[in-house]
Amino acid sequence: MKIATFNINGILARHDALLAWLEEAKPDVACLQETKKIDTEFPREAFERLGYRVELHGMKSFNGVAILSKLPLEDVTRRLPGDDADEHTRWIEATVMGRRPVRVTSLYLPNGNPAPGPKYDFKLAWMERMRLRVAELLKTEEPMVFCGDYNIIPQPEDAANPKNWLTDALFLPASRAAFQRILNLGMTEAFRARDPRPGQYTYWDYQRGAWDRNDGIRIDHHLLSPQAADLLLDAGIDKAVRGHEDASRGLKPSDHVPVWIELDA
DNA sequence: ATGGTAGCGGTGCTA
């Protein structure tokens with residue numbers, strides 16, 4: 001079972017590029033972030049024609065997550081528990097019915113800038129809510145994958161220029177500690193487990209020629225429950241997608257690229 | 001210290 005995560009930065013702007021990548025990479029499951037559309041306005045037809053079921057949790061203009069799956073989905077759950085006042089659409093879970101069922105979550109963790117401030121407080125509170133939700137789900141002892149845009153640079157080697165991020169919400173010690181607390185539940189960060197080499201990134205800013213200078217960061221991750229880690233076969237980053245520009249067809253890349261894992265499931 | 005780019009939606013916010 002190939003499970004990918006891809007922050008597309010707008011489903012309207014990325015519709016054709018997303019379709020092209022799905023046809024090329026052929027993931028069984030694609031977890032999307034920053035769809036930026038309410039569910040009734042999500043253009044699902046072309047993806048369904050490719051054979052994907054489409055489950056959505058979106059809002060107007062901001063945030064928005066989705067799970068696309070060629071395999072049947074059961075028990076779709078939307079929203080991260082723990083704060084009834086939180087209207088952000090950043091969390092959707094579903095059980096993917098492969099050879100073995102796998103619980104898959106597509107998540108969009110708050111950016112948190114500027115820090116300090118209310119947005120940073122919201123980020124840290126959201127991460128504690130996530131820790132509690134993951135701990136609850138771990139009790140089932142089922143294979144589970146929590147993937148998405150974590151907006152967390154876990155280690156200095158996950159940034160081309162870590163000094164530029166020292167005061168940023170993506171790299172502050174409290175952010176990385178909150179991420180580590182989730183890992184400490186017994187989770188495996190799949191890409192690092194498969195490929196610990198430094199200098200591999202999933203995001204390059206649109207500004208200042210970050211892509212041309214390879215000034216990237218690694219912030220899109222798959223966290224695996226112990227039972228899913230036992231099934232991990234491979235992991236990779238589809239870096240080339242960041243350079244796929246075709247003005248004649250109006251194709252512009254997202255600032256993130258797809259990251260994928262292969263499970264024996 | 002500043003401003004640089006992109007998406008959505010039709011202004012300014014988010015990143």
Side-chain angles (χ1 to χ4, degrees), chain A residues 5-21 31-44 46 56-66 80 83 85-91 106-127 148-154 158-172 175-176 178-179 201-221 241-259:
Chain A
T5 182
F6 189 6
N7 180 322
I8 57 174
N9 189 23
I11 185 58
L12 295 188
R14 218 64 60 211
H15 182 277
D16 292 354
L18 173 60
L19 209 54
W21 168 73
C31 293
L32 309 179
Q33 300 85 35
E34 288 209 82
T35 53
K36 301 187 178 181
K37 275 290 184 184
I38 62 172
D39 297 351
T40 52
E41 293 183 6
F42 188 99
R44 51 198 300 154
L56 303 168
H57 184 40
M59 62 188 291
K60 191 168 94 170
S61 302
F62 307 113
N63 306 319
V65 288
L80 178 64
D83 180 1
D86 176 12
E87 299 294 335
H88 293 195
T89 52
R90 298 178 176 273
W91 186 274
S106 175
L107 68 96
Y108 178 45
L109 204 148
N111 175 293
N113 282 304
K119 290 189 177 180
Y120 191 60
D121 296 340
F122 179 71
K123 176 180 192 145
L124 294 181
W126 197 98
M127 294 183 78
D149 177 359
Y150 277 75
N151 271 313
I152 292 286
I153 304 166
D158 300 315
N161 295 291
K163 287 189 178 68
N164 293 350
W165 299 91
L166 287 174
T167 61
D168 193 284
L170 278 61
F171 193 56
L172 281 174
S175 306
R176 295 166 56 197
F179 182 70
Y201 313 125
T202 66
Y203 168 92
W204 296 260
D205 199 294
Y206 286 121
Q207 303 179 64
R208 297 179 296 269
W211 168 246
D212 293 327
R213 297 185 292 112
N214 194 29
D215 183 9
I217 52 177
R218 195 171 70 88
I219 57 176
D220 299 273
H221 311 297
V241 171
R242 186 62 175 83
H244 286 172
E245 193 131 16
D246 186 344
S248 67
R249 292 201 292 155
L251 291 187
K252 287 188 287 186
S254 171
D255 40 6
H256 296 250
V257 295
V259 186

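All of these numbers come straight from a predicted model, not from anything done at the bench. Here is how names work: the chains are called A, B, and so on, in the same order as the sequence lines, proteins then strands, and each is numbered from 1.
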If you check every side-chain atom of [X], which of [options] has the closest atom?
X: Tyr206(A); options: dC8(B), dC13(B), dT5(B); answer: dT5(B)
X: Phe62(A); options: dA15(B), dG7(B), dC8(B); answer: dG7(B)
X: Lys60(A); options: dT5(B), dG7(B), dG10(B); answer: dG10(B)
X: Arg14(A); options: dG7(B), dC8(B), dG4(B); answer: dG7(B)

- Query: Of Ser61(A) and His256(A), whose closest DNA chain B nucleotide lies nearer the 5' terminus?
  - Reply: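 In this pair, the answer is Ser61(A).
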- Message: Between Glu34(A) and Pro253(A), which residue's closest nucleotide on DNA chain B lies nearer the 5′ terminus?
- Response: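 Taking each residue's closest nucleotide, the earlier one in sequence belongs to Pro253(A).
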[X] [atom1] to [N] [atom2], straight-line distance once rounded to whole Å:
X: Asp212(A); N: dT5(B); atom1: CG; atom2: C1'; result: 13 Å
X: Asn9(A); N: dG7(B); atom1: CG; atom2: C1'; result: 6 Å
X: Trp204(A); N: dA6(B); atom1: CH2; atom2: P; result: 16 Å
X: Asp16(A); N: dG7(B); atom1: CG; atom2: P; result: 13 Å
X: Tyr108(A); N: dG7(B); atom1: OH; atom2: C1'; result: 11 Å
X: Phe42(A); N: dC8(B); atom1: CZ; atom2: P; result: 12 Å
X: Asn111(A); N: dA6(B); atom1: CG; atom2: P; result: 18 Å
X: Tyr120(A); N: dT14(B); atom1: OH; atom2: P; result: 18 Å

- Message: Assess the residue pair Leu12(A) and Lys36(A) against the criterion (side-chain contact (heavy atoms from CB on, under 4.5 Å)); give the C-alpha distance rounded to whole Å, side-chain angles, the decisive distance to 0.1 Å, and a yes or no.
- Response: CA-CA 9 Å; Leu12(A) 295 188; Lys36(A) 301 187 178 181; over 6 Å; no
Whole-Å [atom1] distance, [N] and [M]:
N: dA6(B); M: dT2(B); atom1: P; value: 23 Å
N: dA1(B); M: dG12(B); atom1: P; value: 27 Å
N: dG10(B); M: dT14(B); atom1: P; value: 16 Å

Between the side chain of [X] and the main-chain N/O of [Y], is any donor-acceptor distance below 3.5 Å?
X: Tyr201(A); Y: Ala160(A); answer: yes
X: Ser175(A); Y: Leu170(A); answer: no
X: Ser254(A); Y: Asn7(A); answer: yes

Give [X] one of three labels, base, sugar-phosphate or nothing, depending on what nucleic acid heavy atoms sit under 4.0 Å from its own.
X: Tyr203(A); answer: nothing
X: Ile219(A); answer: nothing
X: Arg213(A); answer: nothing

So does [X] get a side-chain nitrogen or oxygen closer than 4.0 Å to the phosphate oxygens (OP1/OP2) of [N]?
X: Lys119(A); N: dT14(B); result: yes
X: Lys252(A); N: dG7(B); result: yes
X: Arg208(A); N: dT5(B); result: no

- Message: The test is side-chain hydrogen bond (donor to acceptor under 3.5 Å, both in side chains); show your working for Asn214(A) and Trp204(A) and say whether it passes.
- Response: CA-CA 7 Å; Asn214(A) 194 29; Trp204(A) 296 260; 3.0 Å; yes
- Can you find a pair of side-chain heavy atoms, one from Lys252(A) and one from Asn9(A), that are under 4.5 Å apart?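 Not touching, per the 4.5 Å side-chain cut-off.
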